[in-house]
Protein chains: 2
Amino acid sequence: MGITKSELFEKRQNRMALLAKAFDHPARVAIMEYLLNNQTCICNDLVTELPLSQSTINQHLKELKQIGIIKGEIEGPKVNYCIDVAVWEEARDMFMNMFSKPVAANLCD
Amino acid sequence: MGITKSELFEKRQNRMALLAKAFDHPARVAIMEYLLNNQTCICNDLVTELPLSQSTINQHLKELKQIGIIKGEIEGPKVNYCIDVAVWEEARDMFMNMFSKPVAANLCD
DNA sequence: TCTATTTACCGTAATATTACGTTATAACAG
DNA sequence: CTGTTATAACGTAATATTACGGTAAATAGA
């Protein structure tokens with residue numbers, strides 16, 4: 001994107017924005033869902049599963065790893081990816097907290 | 001961004017990615033939180049509240065409106081913004097569903 | 001009518017994202 | 001050693017995002 005002035009917002013708001021990025025692209029939603037259903041995967045599993053090239057999928061894995069919500073363990077020539085439970089739970093708590101706030105009935109129509 | 005090949009993913013995954021965009025920038029998190037706490041707001045409230053220019057804030061409001069998670073009602077020279085409850089609940093359901101799936105203990109370290 | 005308030009829109013610059021092809025590397029089987 | 005498989009890394013092009021200043025339009029009130 002352009003420059004995001006993250007220094008001007010609360011730490012918590014920046015953190016939530018970062019974690020939301022794990023879900024803000026359909027490929028990353030698909031990858032997270034795959035990991036939820038299969039515990040682990042290697043890049044090639046996703047290449048078979050998703051209609052994207054290996055390099056594109058690898059880029060999404062890299063971004064998810066950068067966010068911290070997944071981890072990769074090198075195992076010979078492969079890398080085993082899995083969800084980082086601590087970060088996953090942090091994200092869950094943040095979204096739960098956001099969505100647990102009461103919302104008034106539509107006030108403008 | 002670059003081109004997102006949304007036609008290649010499930011409708012649900014594209015929908016989730018869209019809704020996640022309401023939270024993938026700290027300014028939008030701040031706007032959503034402001035609306036949760038105050039029910040409604042006008043653009044100028046946010047200009048006072050947030051360290052961003054009016055045009056930038058207006059752009060974020062436009063994006064949130066495009067996502068559908070907020071609505072705007074014209075009232076004289078002002079526009080009253082509020083959360084669209086139906087879309088909010090759709091987002092809540094999607095994230096709840098995502099985070100309700102059991103996550104295996106870390107399988108790679 | 002004049003003015004202040006409020007918002008929307010335009011243009012711009014800088015930067016990030018998405019996607020792919022290509023190439024490099026590392027482990028393993030034969 | 002060679003070929004296969006798996007992944008990462010590099011370069012690129014196209015497009016989206018973020019942010020701002022400036023400007024225009026619309027309403028409310030003096």
Side-chain angles (χ1 to χ4, degrees), chain A residues 1-9 13-14 17-18 20-32 34-35 38 40-67 70-82 108, chain B residues 1-9 13-14 17-18 20-31 34-35 40-67 70-82 108:
Chain A
M1 336 168 223
I3 310 166
T4 295
K5 300 197 154 182
S6 54
E7 73 280 6
L8 300 177
F9 297 96
Q13 291 167 335
N14 284 311
L18 181 72
K21 285 200 160 294
F23 306 100
D24 79 350
H25 191 283
R28 291 197 284 269
V29 173
I31 292 173
M32 293 310 297
Y34 187 94
L35 276 173
N38 298 273
T40 67
C41 74
I42 62 173
C43 178
N44 204 247
D45 295 336
L46 298 169
V47 173
T48 308
E49 190 80 3
L50 304 181
L52 293 171
S53 74
Q54 182 267 328
S55 52
T56 303
I57 287 169
N58 197 57
Q59 219 169 345
H60 283 298
L61 285 169
K62 193 174 162 190
E63 171 136 10
L64 288 170
K65 217 162 48 172
Q66 217 162 32
I67 292 168
I70 71 169
K71 298 195 288 188
E73 183 199 13
I74 297 166
E75 193 182 296
K78 313 179 194 175
V79 176
N80 248 310
Y81 292 98
C82 71
C108 39
Chain B
M1 332 167 229
I3 309 166
T4 295
K5 300 198 153 181
S6 53
E7 73 280 6
L8 300 178
F9 297 94
Q13 291 167 334
N14 284 311
L18 181 72
K21 285 200 160 293
F23 306 102
D24 79 349
H25 191 283
R28 291 198 282 270
V29 173
I31 292 173
Y34 188 94
L35 277 173
T40 67
C41 74
I42 62 173
C43 176
N44 205 246
D45 294 337
L46 299 168
V47 174
T48 308
E49 191 79 3
L50 303 180
L52 293 171
S53 74
Q54 183 266 326
S55 53
T56 302
I57 287 169
N58 195 58
Q59 220 170 342
H60 284 298
L61 286 169
K62 194 174 162 186
E63 171 136 9
L64 289 169
K65 216 162 47 172
Q66 219 161 30
I67 291 168
I70 70 169
K71 298 196 288 189
E73 183 198 13
I74 297 165
E75 194 182 295
K78 313 178 196 177
V79 177
N80 249 309
Y81 291 99
C82 71
C108 40

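The sequence lines fix the lettering, A, B, ..., with proteins before strands; numbering per chain opens at 1.
Heavy atoms of B/Ile42 sit under 4.0 angstrom from primed sugar atoms or phosphate atoms, though from no base atom. Using a 4.0 Å heavy-atom distance criterion, A/Leu52 is classed as a sugar-phosphate-only contact. Contact annotation for A/Gln54: base contact, defined as any heavy-atom pair under 4.0 Å involving a base atom. In this structure, B/Gln59 reaches the bases: a heavy-atom distance under 4.0 Å links it to at least one base atom across the strands shown.
Nearest nucleotide to the A/Ile3 side chain, out of D/dT15, D/dC20, C/dA14: C/dA14. Closest contact between the side chain of B/Lys65 and the listed nucleotides C/dA19, D/dC20, C/dA8 involves C/dA8. Comparing D/dT27, D/dT18, D/dT7 by their nearest atom to the side chain of B/His60 picks out D/dT18. Between C/dT18, C/dA26, C/dC20, one nucleotide has an atom nearer to the side chain of B/Thr4 than all others, and that is C/dT18. The side chain of B/Ser55 sits closest to C/dC9 out of C/dT18, C/dC9, D/dA9. Here the side chain of B/Asn44 is nearest to one of C/dA8, D/dA19, C/dT7, namely C/dT7.
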Practice prompt. Please assess A/Ile70 against A/Met32 for the test side-chain contact (heavy atoms from CB on, under 4.5 Å), listing each intermediate value before the final yes or no.
Written response: CA-CA 9 Å; A/Ile70 71 169; A/Met32 293 310 297; 3.9 Å; yes
Practice prompt. Would you please test B/Leu46 and B/Leu61 for side-chain contact (heavy atoms from CB on, under 4.5 Å) and show each step?
Written response: CA-CA 10 Å; B/Leu46 299 168; B/Leu61 286 169; 3.9 Å; yes
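Inspection of the B/Ser53 and B/Ser55 side chains reveals an N or O donor paired with an N or O acceptor under 3.5 Å.
Between the side chain of A/Asp24 and the backbone N or O of A/Ala20 there is no donor-acceptor pair closer than 3.5 Å.
Spacing between atom CD of B/Glu63 and atom P of C/dT17 amounts to 14 Å, rounded to whole angstrom units. Taking atom CG of residue B/Leu64 and atom P of nucleotide C/dA8, one finds them 12 Å apart after rounding to whole Å. Between the CG atom of A/Leu46 and the C1' atom of C/dT18 there is a distance of 17 Å, given to the nearest Å. One interatomic measurement links the two molecules: NZ of A/Lys21 to C1' of C/dT17, which rounds to 8 Å at whole-angstrom precision. Going from atom CG of B/Asn58 over to atom P of D/dG22 covers 17 Å, rounded to whole Å. Atom CD1 in A/Ile57 sits roughly 15 Å away from atom C1' in C/dG21 (whole-Å rounding). At whole-Å resolution of the value, CG in B/Asp24 and P in D/dT18 are 6 Å apart. In this structure, CD1 of A/Ile74 is placed 12 Å from C1' of D/dA6, rounded to the nearest angstrom.
Judged by closest nucleotide on DNA chain D, A/Cys41 is the one of A/Cys41 and A/Phe9 placed further toward the 5' end.
Ring geometry for B/His60 against B/His25 counts as tilted: the plane angle lies between 30° and 60°, on a 0 to 90° scale.
Within the structure, a side-chain polar atom (N or O) of B/Thr56 is placed less than 4.0 Å from OP1 or OP2 of D/dC20. Applying the 4.0 Å criterion to OP1 and OP2 of D/dC20, one finds that A/Lys5 has a side-chain N or O inside that range. Using a 4.0 Å cut-off, no side-chain N or O of B/Tyr81 falls inside it from OP1 or OP2 of C/dT6.
Contact record, B/Cys41 with B/Tyr34: CB-CE2, 3.4 Å, taken as the closest heavy-atom pair.
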